[in-house]
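Inspection log for the structure reproduced underneath, given as structure tokens.
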Protein chains: 2
Amino acid sequence: MSQAETAAAAPRRGRPGYDRDQVLAVAVKVFNEHGYDATSVADLTAALGLTKSALYHHFESKAAILEVALNDALDGLERVVDDAVAQHPLAADRLRSIVRGAVHVLTAKLPSVTLLLRVRGNGEVELAALRRRRAFDQRVTAIVAEAQREGLIRGDVDAAVATRLIFGMINSVVEWYRPGGPVDPDELGEDILRATLDGLQSR
Amino acid sequence: MSQAETAAAAPRRGRPGYDRDQVLAVAVKVFNEHGYDATSVADLTAALGLTKSALYHHFESKAAILEVALNDALDGLERVVDDAVAQHPLAADRLRSIVRGAVHVLTAKLPSVTLLLRVRGNGEVELAALRRRRAFDQRVTAIVAEAQREGLIRGDVDAAVATRLIFGMINSVVEWYRPGGPVDPDELGEDILRATLDGLQSR
DNA sequence: GTCTATATTAGGATAGAC
DNA sequence: GTCTATCCTAATATAGAC
């Protein structure tokens, strides 16, 4: 994924001449437009301007493309929690750091995170991703519960429900946020922090 | 959908003997478990204990099943806005009514609304549903903007962003809410109203 | 890194009997 | 309302040449 952006800087004569990361970026884009299951390998090759054989030269299967993208997204999200835990002793600070970090990863790695959030558990690749995602959710829920004991989060809402509502709001961003659009990703992180903690009501 | 619950009250001898609503309920459940596109007609008939021909006796195509379910969900959501507009002159009251009503429809019609929220726009049936959903979103955004002018919603967050964040939180409920579980749907509506308007922070 | 050609299976849907 | 048998297309994937 990291090489995808610099792809245009190394053009070929005539044929596209994709490398693995470029193929990945296009494939993930098409997956998100039609859904992974509704996307055929023919759809991918049409978007790439390649034949199936050329695509299978880069990835051994359609599922292998999905696997790389999902792991990229999960790596990014797990790193946010790792960093928050390493940097902040207070759960309240960890939570604020996680909200900001999750919004940052989500906007920076929008395609792969979007794909991750739509996984239903079909096949081994998706099941493995769901397992990692559940572990992530549990770590965050534990931090929210601790932040609640510390007094940051109100006690009249269940910690698991609060976590789900906060991340429900964060994750919904993939449905409408577009890089280069009118919404700044860092401001969005602050908006979501304000919306979930302070509330959207005027005071 | 309404007849599905009373199905067990009219059993047949030997074979299941499904009617249209019962087939619909099972099909929507399977669609949600694997995703619409990943669900084959064979998956549906396996869940029903029927052959393909029997299924095609009730619905003319796989897409026709989807269409009925999506319209059911959209009817429910549109009715919430219609009722809110009819009952409340103030946009602030309309918004509160819509949040409560949307959570209610979402929990009461969980299977069909879940399906609706995952539609990507493949084929005419999904495109038609997306058009209706966009119209719904626009009506709600206009009400949020008006509520902001009335002073209910803070002015430092864009109305369109606020709408998306609020409904992002509401819609995320389909990912974890289960009827008969520990979370009461009416309480959940109040929690979301509190979370989005008052904020989750202790005071 | 890409091509043409093809193997193989699964998918949606129908015909016609009971 | 359901069955068996079948059609036809589209899907994933591979072989082997350039």
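First the proteins, then the strands, lettered A, B, ... as listed; each starts at 1.
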Q.
Does C:dG12 have OP1 or OP2 under 4.0 Å away from a side-chain N or O of B:Lys62?
A. yes
Q) If you measure only the distance, is there a donor-acceptor pair under 3.5 Å linking the side chains of A:Thr114 and A:Asn32? A) no
Q.
Measure CG/A:Asp19 against C1'/C:dT2 and give the value in whole Å, please.
A. 15 Å
Q | Note: B:Arg96-B:Asp93 ion pair, threshold 4.0 Å (strictly below) | A | yes
Q: Indicate yes or no: does A:Asp75 engage A:Arg79 in a salt bridge with an N to O separation below 4.0 Å.
A: no
Q.
Could you tell me how far apart A:Leu44 (CG) and D:dA11 (P) are, to the nearest whole angstrom?
A. 11 Å
(Q) Please report the distance, rounded to the nearest Å, between CD in B:Gln22 and C1' in D:dG1. (A) 12 Å
Q.
Could you tell me how far apart B:Lys52 (NZ) and C:dA10 (P) are, to the nearest whole angstrom?
A. 11 Å
**Q.** Distance below 4.0 Å between A:His57 side-chain N/O and C:dT2 OP1 or OP2
**A.** no
Q. Taking only N and O in the side chain of B:Ser53, is any of them less than 4.0 Å away from OP1 or OP2 of D:dT2?
A. no
Q: Could you please name the option among C:dA13, D:dT2, C:dC3 that lies closest to any side-chain atom of B:Leu50?
A: D:dT2
Q. Over how many whole Å does the gap from B:Phe59 atom CZ to C:dA13 atom P extend?
A. 13 Å
Q) B:Thr39 near the nucleic acid: base, sugar-phosphate alone, or nothing, with a heavy-atom cut-off under 4.0 Å? A) sugar-phosphate
Q: Classify the nucleic acid contact of A:Ser40 as base, sugar-phosphate or nothing, counting any heavy atom under 4.0 Å across all strands shown.
A: sugar-phosphate
(Q) Nearest whole Å is fine: how far is C:dA15 P from B:Leu55 CG? (A) 16 Å
(Q) If you compare every side-chain N and O of B:Tyr56 against the phosphate oxygens of C:dT14 (OP1, OP2), does one of them come in below 4.0 Å? (A) no
Q) Expressed in angstrom and rounded to an integer, what is the separation of B:Phe31 atom CZ from C:dG12 atom C1'? A) 12 Å
(Q) If you count heavy atoms of other groups shown closer than 6.0 angstrom to CD of B:Glu60, is the number above 12? (A) no
Q: Identify, between A:Asp43 and A:Glu60, the residue whose nearest nucleotide on DNA chain D lies closer to the 5' end.
A: A:Asp43
Q.
Under a 3.5 Å threshold, yes or no: a donor from one side chain and an acceptor from the other, between B:Arg132 and B:Asn71?
A. yes
Q. Which nucleotide in the list C:dG1, C:dT2, D:dG1 gets nearest to the side chain of B:His58?
A. D:dG1
